[in-house]
Amino acid sequence: MTERELIKLEAMIRKKMEDITAQRVSLKDSGIGGLMNTLKKADEALYEKILPAYKKMVAERKI
């Protein structure tokens, strides 16, 4: 995966996280889990960087 594709993937994940937080889309319907798995395979360091915010968002949505 190229650097440009990684940047697009990161932006897409962050946008989906923003949409989920604003309740424009549900966690299940967003498809963010698949994107996170793709990111983990492509760039482990970037995945670890985003993971804490993702976990926090998921915990807030489950309440």
pair [X]-[Y]: side-chain heavy atoms closer than 4.5 Å:
| X | Y | result |
| --- | --- | --- |
| Leu27 | Met57 | yes |
| Leu39 | Glu10 | no |
| Leu46 | Lys49 | yes |

Starting at [atom1] of [X], measure out to [atom2] of [Y] and round the result to the nearest 0.5 Å.
| X | Y | atom1 | atom2 | value |
| --- | --- | --- | --- | --- |
| Thr38 | Tyr47 | OG1 | OH | 11.0 Å |
| Arg14 | Ile50 | CZ | CD1 | 4.5 Å |
| Leu51 | Lys56 | CG | NZ | 14.0 Å |

(message) Would the distance check show the side chain of Lys16 and the main-chain N or O of Ile32 forming a donor-acceptor pair, the cut-off being under 3.5 Å?
(response)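 No; judged by distance alone, with no hydrogens or angles, the pair does not exist.
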(request) Return yes when atom CZ of Arg24 has more than 12 non-hydrogen atoms of other residues, nucleotides or ligands closer than 6.0 Å, and no otherwise. (result)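 Buried by this count: over 12 neighbours within 6.0 Å.
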(message) With a sphere of 6.0 Å drawn around NZ of Lys40, does it hold more than 12 non-hydrogen atoms of other residues, nucleotides or ligands?
(response)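 Incorrect, the count does not exceed 12.
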(request) Identify the heavy atoms of Met1 and Ala42 that sit nearest to each other, and give their distance. (result)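 For Met1 versus Ala42, the nearest heavy atoms are SD-CB, 3.6 Å.
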(request) Quick one: closest heavy-atom pair of Ser30 and Ile20, and the distance? (result)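 That closest heavy-atom pairing would be OG-CD1, 3.4 Å.
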(request) Following the transitive rule for hydrophobic clusters with a side-chain heavy-atom cut-off under 4.5 Å over Ile, Leu, Val, Met, Phe, Trp and Tyr, establish whether Ile7 and Ile13 coincide in one cluster. (result)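 Looking at the clustering, Ile13 is in a separate group from Ile7.
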